[in-house]
Amino acid sequence: SAVISQKPSRDICQRGTSLTIQCQVDSQVTMMFWYRQQPGQSLTLIATANQGSEATYESGFVIDKFPISRPNLTFSTLTVSNMSPEDSSIYLCSVSPGAGSWEQFFGPGTRLTVL
Amino acid sequence: KNQVEQSPQSLIILEGKNCTLQCNYTVSPFSNLRWYKQDTGRGPVSLTIMTFSENTKSNGRYTATLDADTKQSSLHITASQLSDSASYICVVSGGTSYDKVIFGPGTSLSVIP
């Protein structure tokens, strides 16, 4: 299994500002993902973070709003830009070994509240 | 439309009792079905993974079943403990890529003494 840490664990931000969330994995992984979990709802995939290239975004999510970096196989960041109260959610980093494995491991999440 | 539905939405049981959570899906094609446990304030943790050919998979007191013909799965928890209080999420993969992974809304389980 993979151990995933996220920073910050929670934050309260003002409308119009940006927050960068960090995800660190204790081993090299092929696949890395960012999810959003809105209050009372299940997880929605934001994007797949690709090492060395631009992230692949799902429908409804754009790079200008959620820029993602993945400089190596153990680290990624997600920025929530120009925040509004609708961005208040839990943001989760997830990894998978890939290569035919469907196992997914999740970080503890970052609870974001936008005022 | 690919969907995953879970029932009940929430459940309260007494410590030591058994319970069964349900998952129905319309995802096609089908690759695999996973059950996750999500404690409050934490990320989901995998309990079981089942492919098309598997009917049952156990993990300690958790037993998952899969009927690929009727597109139904269940998660049975035996001799519940207070630490079982969590949200249980059914996840169905509909293809070979992660953008085809559909998360169910979850069942919130509360185990009371």
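Naming: A, B, ... by sequence-line order, numbering from 1 per chain.
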Are B:Val27 and B:Phe52 grouped together when hydrophobic residues (ILVMFWY) are joined by side-chain heavy atoms under 4.5 angstrom apart?
yes

Hphob cluster co-occupancy, A:Val95 + A:Tyr35, side-chain heavy atoms under 4.5 angstrom:
no

Rounded at 0.5 Å granularity, tell me how far CG in A:Leu45 sits from CZ in B:Phe103.
8.0 Å

Please assess B:Ser46 against A:Glu103 for the test side chain to side chain donor-acceptor pair (under 3.5 Å), listing each intermediate value before the final yes or no.
CA-CA 8 Å; B:Ser46 178; A:Glu103 189 66 78; 3.1 Å; yes

Who wins among B:Gly43, B:Gly104, B:Ser87 for the most heavy-atom pairs under 4.5 Å with chain A?
B:Gly43

Output the distance between atom CD1 (A:Ile90) and atom CD (B:Gln38), rounded to the nearest 0.5 Å.
6.5 Å

State plainly whether one hydrophobic cluster holds both B:Val92 and B:Leu66, where clusters connect Ile, Leu, Val, Met, Phe, Trp and Tyr through side-chain heavy atoms under 4.5 angstrom apart.
yes

Highest number of heavy-atom pairs under 4.5 Å with chain A among B:Ile49, B:Val91, B:Ile89 belongs to B:Ile49

Are B:Leu82 and B:Leu75 connected, step by step, through hydrophobic side chains (Ile, Leu, Val, Met, Phe, Trp, Tyr) whose heavy atoms are closer than 4.5 Å?
yes

If you group Ile, Leu, Val, Met, Phe, Trp and Tyr by side-chain heavy-atom gaps below 4.5 Å, do A:Phe105 and A:Phe33 land in one group?
no

Quick one: what part of A:Gln37 sits under 4.5 Å from any heavy atom of chain B, side chain, backbone, both or neither?
side chain

Taking CZ in B:Arg61 as the centre, count heavy atoms belonging to other residues, nucleotides or ligands within less than 6.0 Å. Is the count above 12?
yes

Go through the atoms of A:Leu92 and report whether side chain, backbone, both or neither lie under 4.5 Å from a heavy atom of chain B.
side chain

Flag yes if more than 12 heavy atoms outside B:Ile12 fall under 6.0 Å of its CD1 atom; otherwise flag no.
no

So, for A:Ser42 and B:Pro105, which heavy atoms are closest and what is the spacing to 0.1 Å?
CB-CA, 3.8 Å

Nearest 0.5 Å please: distance from the CG atom of A:Leu43 over to the CD1 atom of B:Ile102.
12.0 Å

